[in-house]
Amino acid sequence: MRKPQISPEQRTALLKTLKALTSLPAQVLYYGAALAAIALIPGASLPPALAVLAGGVGVNALSDILKGVARGELSEEHIRKQVIILGGEV
């Protein structure tokens with residue numbers, strides 16, 4: 001099985017996103033981290049609980065956030081607000 005590779009830009013975007021979430025409650029950070037990782041590895045097989053979560057909040061929406069972070073378009077405050085909005089949809 002081939003190990004998924006992420007680019008340096010994706011890795012940086014993931015780290016910036018996680019940094020932005022550290023001021024939020026632990027549960028938001030946990031789900032944000034899980035969904036961010038899922039968004040970076042399309043087609044990954046997921047445990048049932050994460051599959052429901054990923055489908056519920058829309059991995060595509062989180063993927064768009066990560067792309068915006070990678071392009072330097074989103075502030076930490078914007079990231080936090082977007083993830084909170086996504087979390088509210090669960």
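For this chain, numbers begin at 1 and follow the sequence in order. Just so it is clear, the model here is predicted, and its values are computed rather than measured.
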Nearest heavy-atom pair of Val69 and Thr17: which atoms, and what distance?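 Here Val69 and Thr17 meet closest at CG2-OG1, 3.7 Å.
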Quick check: closest heavy atoms across Gln82 and Ile65, and the distance to 0.1 Å? CB-CD1, 3.4 Å
Checking Thr12 now: which residues fulfil side-chain contact (heavy atoms from CB on, under 4.5 Å) with it, not counting sequence neighbours?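 If we apply the side-chain contact (heavy atoms from CB on, under 4.5 Å) test to Thr12, skipping adjacent residues, the hits are Lys16.
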Residues that Glu73 engages under side-chain contact (heavy atoms from CB on, under 4.5 Å), provided they are two or more places apart: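 Glu73: side-chain contact (heavy atoms from CB on, under 4.5 Å) contacts with Arg71.
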Qualifying residues under side chain to side chain donor-acceptor pair (under 3.5 Å), relative to Lys19, sequence neighbours excluded: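 Result, side chain to side chain donor-acceptor pair (under 3.5 Å) vs Lys19: Glu76.
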Are Ser7 and Glu9 close enough that a side-chain donor and a side-chain acceptor fall under 3.5 Å? yes
